[in-house]
Amino acid sequence: MQRGKDVQTLQWVVEGRRFRNTEEYEAAMRDKQLIDLITQGLDLGSAKDVKKVYEELRHGRYQFESIVGRQFDDNVYELYNQIKKQEEEAEAEKEKRKEARRLKRVERKERQNSKCQSKKEKLPMEKLDKQMRQEIMQELHRKEKRRIWISVISSLICITCFGYLAYYYWITQKSANDFAQLAELKGDTGQVTGNAYFDNRQVTVHMTEGEKAAPKILAEYETLYQKNKKLIGWIKIEDTLIDYPVMQTVNNDYYLNHNFNQEEDKNGCIFMDYQCDVVAGCDNIILYGHHMQSGKMFGGLNKYSSEAYYKEHPEIQFDTIYEKGVYQIMYVFRSKVYSEEDVTFKYYQFINAGSKQEFDSYMKEMQALSLYDTGVTAAYGDKLLTLSTCDYQENDGRFVVVAKRVN
C-alpha cells in the first residue's frame, strides 16, 4: 500500500492496530473504553485483580466487538493461567520440601538402625526382647511397602510412556490421514457443480478506498472452502511431505494448535500471517508452520540448509483460493523472534514495502543472511512468498525460506 494511503488511515489506529474502515475503528474504540472501565482501579500485575477480571470475563459479563477486545480477553486468560501455574508450582515446591524433610528423617533412622543391625543379626529373634522384635518387624514392613510402591510407580511410569508413544503415533497417523483426505478433495468440484451459492457468491473486503470484490474462487478449491471458509490457499513442494491447505484467521495463534476441522491438534496447520491480504495484494505473503519431529507441517523445511537439497527442490507451488502461483526460491537463512526494543531486521514484519528503496533494503538484508547464493534476485514490484518455522539452534530461533513468484 502506498504511503499516502497510510497517512489517510492513521486516524483508524487503536492500541497499535490499524483498522480498514470507520465501523471497525468505532467498534475497537468501544472495546477500549470497556477495557478501561473493567480495569479501572485494578492492577493487572496483582494476582487478586487478574482473578477478579478473569471471573467476570468467564461468566460473560462483558461482550467485545473487535480484535482489541478479544486480544484483551486472551491476555487476561494467559495471565490467569500463569498465576495458576505459579501457585501450583509453589504448592508443589512446598510438598517437595516437606517430602525431603521426611526422607531425611527416614534416612537418619535407617542409619541408626544399621549401626545396631549387626548386633541384632547375631541374636536369634526369639532371644530379643518384645519391643526390639516389634521395631524390627515394623521396619521390615515399611521396607516392603516402599518396595511395593516403587514397583507400582515404576510400572505406571512405563505404562504412561508407552501410552504416550501410542497416542503420539495415533495422532500422527490421524493427521496424515486427514490431510490425505483433504488432498483428495482438492480439485473435487462434484459437491458444488451447479451450486448457485458458488456461482453467485460475492465476497467483499473493506479497504481504505471503498469496497473491493474478491475474485471467483478456483473450482478445485470450492469443496474445501465449503468445509472451512478459513481456507486461503494450498502449498506444495514436489517430492516432499509439504502438501497442505493454508489457513488464515484474525490472529496468528488459532492454527498453532487446531487442524483443518477446527479440532485441537498439536500439529496445527500451515497458516498465513493475518496481516497479509491476497485480495488487495501484498509484496510478501508469510506462511507459518510447526517444525514437527515427525517431518509433518514444516518439519522438513530446514533441509534447505543444504544447497544440494535446494537444487533438487528449487520451486514452491503456492495457490491462493483465487489463483495459482509458482515461486522460485531466492534466500534461505536463520533468524529469530526479537523483542520490540531490538533495532534489527525482522523478516516477519516485511509484508508491504512503501517504496523501491525500502524493498531493496529488505532484499539486501535477506541476501546478507542467506546460507548460500541461489542466483535468484527480485525487483520492486515482484511478489514474494516467505515460509517460516522454528529452528532449535537457539532460543526463539526461526528457519526461513523466501521465494519469488515467477509465473
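As the structure is a prediction and not an experimental result, all values here were calculated from the model. Position 1 is the first residue of the sequence; numbering continues from there.
Side-chain contact check for Y304 versus H313: some heavy-atom pair is nearer than 4.5 Å. Side chains of L57 and F72 form a contact here, defined as non-hydrogen atoms less than 4.5 Å apart. For the pair I35/V68, a side-chain contact is recorded, criterion being any heavy-atom separation below 4.5 Å from C-beta on. Looking at heavy atoms from C-beta onward, R334 lies in side-chain contact with S305 at the 4.5 angstrom threshold. The shortest distance between side-chain heavy atoms of L369 and Y331 does not fall below 4.5 Å. With contacts defined as side-chain heavy-atom distances shorter than 4.5 Å, the pair N257/K266 does not qualify. Using a 4.5 Å heavy-atom cutoff, the side chains of F298 and I242 are in contact. Counting heavy atoms from C-beta on, the side chains of E220 and K324 come closer than 4.5 Å.
Of all non-hydrogen atoms in D277 and A280, the two that sit nearest each other are OD1-N, 3.0 Å. Heavy atoms only, all atoms of each residue included: A403 and Y327 are closest at CB-CB, 3.6 Å. The two residues M330 and T377 make their nearest non-hydrogen contact at SD-C, 3.6 Å. The shortest non-hydrogen separation linking Y322 to K216 is CD2-O, 3.9 Å.
Judged purely by atom type and a 3.5 angstrom limit, N261 has no side-chain atom pairing as donor or acceptor with the backbone of E263. Under a 3.5 Å cut-off, the side chain of Y348 and the backbone N or O of D273 do not form any donor-acceptor pair. Under the 3.5 Å distance criterion, the side-chain polar atoms of N252 are matched with a main-chain donor or acceptor of Y274. Looking at H290, its side chain does come within 3.5 Å of a backbone N or O of L256 through a donor-acceptor pair. Formation of a donor-acceptor pair under 3.5 Å by the T389 side chain with backbone atoms of G289 is found in this model. The closest donor-acceptor contact from the side chain of Q248 to the backbone of C276 lies under 3.5 Å. Side-chain atoms of D319 come within 3.5 Å of backbone atoms of G325 as a donor-acceptor pair (strictly under, hydrogens ignored). Side-chain atoms of Y244 come within 3.5 Å of backbone N or O of M297 as a donor-acceptor pair. Between the T320 side chain and the E323 main chain, a donor and an acceptor come within less than 3.5 Å of each other. Between the N251 side chain and the D253 main chain, a donor and an acceptor come within less than 3.5 Å of each other.
Annotation for E95: atom CD counts as buried by contact number, over 12 foreign heavy atoms lying within 6.0 Å. Counting heavy-atom neighbours within 6.0 Å of Q357 CD, excluding the residue itself, gives a total of 12 or less. Residue Q40 places its CD atom among 12 or fewer non-hydrogen atoms of other residues, nucleotides or ligands, all under 6.0 Å distant.
A salt bridge links K32 with D36: the closest approach of a Lys/Arg side-chain nitrogen to an acidic carboxylate oxygen falls below 4.0 angstrom. A salt bridge between K346 and E365 is absent, with no side-chain N of the basic residue lying under 4.0 Å from a carboxylate O of the acidic one.
For the atom pair CG of N284 and OG1 of T386, the computed distance is 3.5 Å after rounding to the nearest 0.5 Å. Residue D31 holds its CG atom at 8.0 Å from CZ of R70, rounded to the nearest 0.5 Å. Distance OG1/T223 to CD1/I217: 10.5 Å, rounded to 0.5 Å. Expressed to the nearest 0.5 Å, how far CG of L231 lies from CZ of F260 amounts to 5.5 Å. Separating the SG atom in C390 from the CE atom in M292 is a distance of 10.5 Å, to the nearest 0.5 Å. In this structure, CG on D391 lies 9.0 Å from CZ on R398, to the nearest 0.5 angstrom.
A salt bridge (Lys or Arg N to Asp or Glu O under 4.0 Å) check over residues 52-64, counting only residues at least two apart or in different chains, returns the pairs E55-R58, E56-R61. Every pair passing salt bridge (Lys or Arg N to Asp or Glu O under 4.0 Å) that includes a residue from residues 366-383 is listed here, sequence neighbours excluded: D283-K383.
Shown here are the ring pair (Phe, Tyr, Trp, His ring centres under 6.0 Å) partners of Y288, two or more places apart in sequence or in another chain: F271. Not counting sequence neighbours, the partners of E99 by the side chain to side chain donor-acceptor pair (under 3.5 Å) test are R102. Under the rule for a side chain to side chain contact (heavy atoms under 4.5 Å, CB included), the partners of K303 that lie at least two apart in sequence or sit in another chain are Y309.
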Checklist entry - Taking it one step at a time, do V332 and Y310 satisfy side-chain contact (heavy atoms from CB on, under 4.5 Å)? => result CA-CA 9 Å; V332 176; Y310 151 72; 5.6 Å; no
Item to check | Derivation of the side-chain contact (heavy atoms from CB on, under 4.5 Å) call for K336 and Q393 | outcome: CA-CA 10 Å; K336 63 179 292 185; Q393 292 195 6; over 6 Å; no
Item to check | Stepwise side-chain contact (heavy atoms from CB on, under 4.5 Å) check, W234 with I321 | outcome: CA-CA 8 Å; W234 192 284; I321 57 176; over 6 Å; no
Checklist entry - Given Y254 and M247, is the side-chain contact (heavy atoms from CB on, under 4.5 Å) satisfied, shown in steps? => result CA-CA 10 Å; Y254 182 80; M247 317 303 291; over 6 Å; no
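The six-membered or imidazole ring of Y392 lies near that of H291, with a centre-to-centre distance under 6.0 Å.
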Under 3.5 Å, which donor-acceptor pairs link side chains of residues 77-88 to any protein atom two or more places apart or in another chain?
residue: E87; atom: OE1; partner: K51; partner atom: NZ; Å: 3.4
residue: E87; atom: OE2; partner: K51; partner atom: NZ; Å: 2.6

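With 3.5 Å as the limit, one finds a donor-acceptor pair spanning the side chains of N267 and D265.
When L384, L385, I329 are each tested for a side chain to side chain contact (heavy atoms under 4.5 Å, CB included) with K404, only one passes: L384.
In this pair, Y347 and F333 present their aromatic rings perpendicular. The plane angle is above 60°, beyond the 30 to 60° band. Between F350 and F359, the angle of the ring planes goes over 60°, which puts this pair in the perpendicular group of the 30/60° scheme.
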